[in-house]
Amino acid sequence: MTIPYPTSQSVQAIAPVTPPSGAPRPRLTFLGTGYLGATYAICFAELGYEVVGFDVDEAKIAKLSAGSVPFHEPGLDELLRRNLASGRLRFTTDYAETAEHGDVHFICVGTPQRADGMGADLSYVEAAVSGLAQHVTRKALIVGKSTVPVGTAEWIEQLVGKHAEPDLGIEVAWSPEFLQEGFAVEDVLRPNRIVVGVKSDWANSMLFAAHKGVFDLAATEDREVPMVVTDFATAELVKVAANAFLATKISFINAMAEVCEVAGGDVTQLAKAIGYDPRIGNRFLQAGVGFGGGCLPKDIRAFQARAQELGAGEALRFLHEVDLINLRRRTKVLQVAAELLDRRFGPAGPDLSGTKIAVLGATFKPNSDDVRDAPALAVAALLRKAGADVHTYDPQGNENAARALPTVTYEDSMKAAVQDADLVCVLTEWAEFRNADPTALGEIAKGKKVIDGRNCLDSTLWTNAGWEYRGMGRG
Amino acid sequence: MNTPRLTVIGTGYLGATHAICMAVLGFEVLGVDVDQAKIDRLASGEVPFFEPGLPELLAKALESGRLRFTTSFEEAAAFGDVHFICVGTPQKQGSHAADMTYVDASVAALAKHLTRKALVVGKSTVPVGTAARLTAMVKELAPAGDEIELAWNPEFLREGFAVEDTMRPDRLVFGVASAWAEERLRAAFEPVLAQDVPVKVTDLATAELVKVAANSFLATKISYINAMAEVCEATGADVSDLAEALAFDTRIGGRFLRPGLGFGGGCLPKDIRAFMARAEELGVGQAVGFLREIDGINQRRRARTVDLVTELAGGDVRGKKIAALGAAFKPNSDDIRDAPALDVASTLHRLGAEVTVFDPAAMENAKRVHPELTYGENALDAAAGADVVVLLTEWTEFREIDPAAMAAVVGTAAIVDGRHALEPAEWRAAGWEYRALGRP
């Protein structure tokens with residue numbers, strides 16, 4: 001099982017091409033300036049490319065043009081201002097301007113879960129591609145970056161064929177993104193690989209030129225960025241397959257937590273013991289309240305939906321189990337809360353009325369203000385629904401959380417949330433919570449009971465400070 | 001404290017390897033088995049299974065005088081300070097659960113003779129809760145009663161690398177109920193620990209779960225990439241490129257991410273089934289329900305391989321000559337327990353093909369279980385006149401086959417690479433029709 005993979009294509013082997021605009025290096029556009037598009041646009045300007053960021057949302061474009069990043073991502077603000085000032089980066093809501101500028105157009109719009117099912121909603125992709133294609137007046141490369149169902153690249157080719165002049169020879173390619181929120185700048189500037197799905201040498205060469213800044217940066221730092229060149233379908237699958245694996249790994253250890261809870265084991269020790277095995281590795285092996293966010297949950301659902309359509313639904317049925325394990329962790333917190341507060345867990349859940357619960361964390365992970373499908377927020381909602389008086393604090397996510405879940409109280413500090421609480425639930429592993437002083441918090445809380453939904457606290461420290469401590473999957 | 005004298009109860013794959021390696025590391029070791037024939041073979045210096053490096057170490061250990069074998073539990077009890085239980089826990093007939101007969105019988109047989117303080121250490125892969133049950137049993141049966149303690153120290157041997165894994169493991173796990181037990185285990189692994197091997201000390205239940213959790217993860221990782229292969233087959237994508245692209249993500253890693261015919265052997269399949277059975281008993285069957293899918297994906301790979309061979313054989317294998325390269329469940333092993341390779345070969349035979357098998361190490365074992373198949377002298381001999389060649393175990397010697405030389409002896413140059421072990425471009429250039437799972 002340790003056969004080395006054949007080495008990936010040597011990037012030097014790719015022939016240079018002249019960009020259709022005549023510029024020395026391809027001019028880039030990024031359509032969609034959400035989290036993905038804005039980060040890429042800013043970072044590629046930083047790498048020296050002439051970049052245009054496009055969005056239909058005027059407010060967002062105005063904000064970005066004024067030098068303000070509309071979401072929390074460490075280091076990005078400074079890069080935005082620097083590259084606006086250099087003149088390499090600008091933003092527009094005009095398709096014609098975007099089409100005129102770009103040699104390579106990256107499609108970075110969102111692909112949320114459809115309201116009517118598990119599949120991905122491709123309407124933003126469709127709007128962006130057709131809007132752009134109508135205005136393109138010379139040869140160009142349109143590159144999909146969004147996470148999409150396999151087969152989308154072929155469909156985009158057809159869309160382009162419908163909306164653009166056929167003799168322009170516009171080509172399509174796929175190059176999935178692998179950003180981790182909180183590390184996005186680093187992931188764009190110093191990726192651990194670049195994957196491209198192409199149909200022609202020209203597209204391959206253009207994509208190489210469009211990433212040359214990444215390779216050059218790597219060369220100056222004595223690193224190598226491997227480039228995997230493959231077909232459309234494989235390139236599309238890479239992102240969703242990677243997310244499916246990560247979701248599976250998280251749910252795997254959470255399933256072990258479920259077993260530990262009944263067998264009297266300790267999943268944190270279990271994870272440590274199996275994580276030493278290099279075939280397993282300790283990354284993404286922390287048991288807790290599970291995954292959330294704008295990617296993993298929707299991606300694994302869309303993946304199942306697409307596999308069903310293709311007649312291979314059987315292959316991905318395990319992802320349904322992965323999803324269920326993940327969602328059960330949220331209910332588990334509610335169960336433990338009822339136990340700690342001595343409330344019966346009836347058929348309709350527990351009655352927590354009259355209790356005050358501090359929920360620390362609202363974002364789906366630390367170093368982010370993203371609350372999409374956040375386990376922390378979902379648990380806060382469950383506790384609230386059970387009648388508890390919930391006081392939430394998150395270092396970055398309060399504002400977004402208040403919009404998504406207005407029924408709980410938001411506090412400006414950890415102390416304010418914990419004040420007089422009967423129970424404290426730590427649900428996002430922010431450093432501020434991990435490093436909190438249990439003695440100080442014990443003085444202001446009413447009941448010294450804590451649920452460590454991320455197994456991120458030092459249980460001995462908290463127990464010694466007089467807290468009744470409960471982790472996830474710890475006997 | 002003094003260096004403990006060790007006994008190793010059960011001298012199968014796990015026990016023999018442990019006994020031999022511990023003696024080489026300097027301990028006085030007594031190997032115990034109820035099978036007189038096995039004991040005689042070992043005592044005369046013969047390792048009854050294939051494992052690189054082990055026969056040399058057995059000779060060395062016997063020569064040193066530190067390693068002896070016996071069938072007497074009374075002798076074992078009198079000799080040992082730390083007793084390792086290394087007997088098998090196969091899948092129970094007609095059920096997914098583990099068969100605990102051998103563990104229970106050997107612990108009981110030993111306990112009856114334990115008249116002084118001793119540590120009994122389980123190494124076998126068992127359902128969680130076994131250690132607690134055995135603790136009660138030992139205390140009741142042993143004349144020394146409460147003086148006897150139980151600990152759990154799961155093994156992590158990989159066949160083909162068992163010596164290395166015993167002498168220099170990635171980690172040691174000690175499941176203990178007392179500081180004394182931990183101290184005894186540290187003493188019993190002193191030379192291993194001296195190499196800075198990390199040790200995880202934990203409770204009995206967690207230690208029992210470690211092995212089955214690790215195997216469940218590995219099975220999941222293999223079936224995950226094979227599920228991706230199924231999706232690739234439906235979309236025309238290439239799972240080999242996909243795996244390569246995924247492997248660059250350090251959170252995923254390339255190990256055990258090789259698509260192919262799937263897992264087999266005496267551990268992974270039975271361990272994940274026993275885990276499901278035990279979780280059901282504990283009322284958390286839903287937690288590991290995904291393992292049923294993992295098992296299903298794995299089994300479907302075998303069927304898919306048969307389908308690919310059938311396709312290359314023109315839609316019907318009846319009367320066709322098929323060369324099956326590989327019988328062991330993995331390379332560097334003669335183990336054919338639940339081997340995907342033999343499963344595919346015997347299915348093709350049942351469908352009417354004339355199947356000729358060759359495996360560098362597992363021929364004897366394979367012949368015993370599947371006498372109906374024909375066996376070749378070597379890879380080229382097995383391939384002589386074949387309509388389709390199918391590579392089923394990724395032995396190095398198969399990966400190094402010269403495609404032109406093999407093309408010269410086959411009837412039709414058509415190959416199914418069931419392990420993604422060959423370079424497709426090379427084989428196609430030599431005139432072969434090359435097919436692999438999950439590749440266009």
Side-chain angles (χ1 to χ4, degrees), chain A residues 1-3 5-6 8 150-151 178 192-193 195 226 228 230-231 233-234 236-238 241-242 244-246 248-249 251-252 255-256 258-267 269-270 272-274 276-281 283-284 307 310-312 314-318 321-322 324-325 328 475, chain B residues 128-129 156 170-171 173 198 200 202-203 205-206 209-210 213-214 216-218 220-221 223-224 227-228 230-238 241-256 258 279 282-284 286-290 293-294 296-297 300 330 394 399 421 423:
Chain A
M1 299 309 249
T2 51
I3 309 163
Y5 287 99
S8 34
V150 57
F178 305 105
N192 56 24
R193 82 285 212 196
V195 177
V228 180
T230 184
D231 54 87
T234 306
E236 290 167 322
L237 277 172
V238 169
F245 184 85
L246 297 176
T248 302
K249 196 164 178 184
S251 276
F252 173 82
M256 297 306 116
E258 283 189 63
V259 176
C260 282
E261 278 153 12
V262 294
D266 183 335
V267 75
Q269 297 190 17
L270 179 72
K272 199 151 183 212
I274 67 173
Y276 283 121
D277 185 333
R279 300 166 300 177
I280 300 176
R283 308 278 309 273
F284 274 57
L310 292 165
E314 204 176 22
L316 300 186
R317 274 197 315 231
F318 71 98
E321 299 289 336
V322 164
L324 292 178
I325 292 164
R328 278 203 300 273
Chain B
V128 60
F156 304 105
D170 292 326
R171 81 295 206 191
V173 175
K200 182 77 214 156
T202 184
D203 56 89
T206 303
L209 277 172
V210 166
S216 297
F217 186 86
L218 296 176
T220 301
K221 196 165 177 184
S223 276
Y224 159 81
M228 296 306 119
E230 284 190 53
V231 174
C232 285
E233 281 153 13
T235 58
D238 186 335
D241 283 357
L242 181 67
E244 186 192 347
L246 291 170
F248 288 118
D249 186 332
T250 53
R251 300 166 302 175
I252 300 176
R255 307 282 303 272
F256 271 55
R258 173 134 293 213
L282 291 168
V284 287
Q286 56 183 9
V288 293
F290 69 96
E293 299 296 334
I294 296 312
I297 292 164
R300 286 201 297 276
K330 64 174 185 178
E394 65 276 34
R399 286 160 52 205
E423 193 50 62

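Letters go in sequence order (proteins before strands), and every chain restarts at 1.
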Checklist entry - Under a 4.5 Å cut-off applied to non-hydrogen side-chain atoms, are A/Arg193 and A/Phe178 in contact? => result yes
Checklist entry - Most heavy-atom pairs under 4.5 angstrom with chain A, which of B/Phe290, B/Phe156, B/Tyr224? => result B/Tyr224
Next on the checklist: Would the distance check show the side chain of A/Arg279 and the main-chain N or O of B/Phe256 forming a donor-acceptor pair, the cut-off being under 3.5 Å?
Outcome noted: no
Checklist entry - Measuring heavy-atom distances to chain A, does B/Val284 have an atom under 4.5 Å in its side chain, in its backbone, in both, or in neither? => result side chain
Next on the checklist: Below 4.5 Å, heavy-atom pairs only: which of B/Ala205, B/Ala234, B/Ala213, B/Gly129 has the largest tally toward chain A?
Outcome noted: B/Ala213
Checklist entry - Is chain A contacted by the side chain of B/Glu233, its backbone, both, or neither, given a heavy-atom distance below 4.5 Å? => result neither
Next on the checklist: For B/Thr220, which atoms come within 4.5 Å of any heavy atom of chain A: side chain, backbone, both, or neither?
Outcome noted: side chain
Item to check | Contact origin within B/Ser223 toward chain A - heavy atom pairs under 4.5 Å | outcome: neither
Next on the checklist: The criterion is side-chain contact (heavy atoms from CB on, under 4.5 Å); which residues satisfy it with B/Ala237, sequence neighbours excluded?
Outcome noted: A/Asp231, A/Ala233, A/Thr234, A/Leu237, B/Cys232, B/Thr235
Checklist entry - Side chain, backbone, both or neither: which part of B/Ile297 has a non-hydrogen atom closer than 4.5 Å to chain A? => result side chain
Next on the checklist: Can you tell me if A/Lys272 has over 12 outside heavy atoms packed within less than 6.0 Å of its NZ?
Outcome noted: no
Checklist entry - Considering only heavy atoms, which portion of B/Ile252 lies under 4.5 Å from any heavy atom of chain A: side chain, backbone, both, or neither? => result both
Checklist entry - Salt bridge between A/Glu314 and B/Arg300, side-chain N to carboxylate O under 4.0 Å? => result yes
Next on the checklist: Tell me every residue that passes salt bridge (charged side-chain N to carboxylate O under 4.0 Å, His left out) with B/Asp238, counting only those two or more places apart in sequence or in another chain.
Outcome noted: B/Arg439
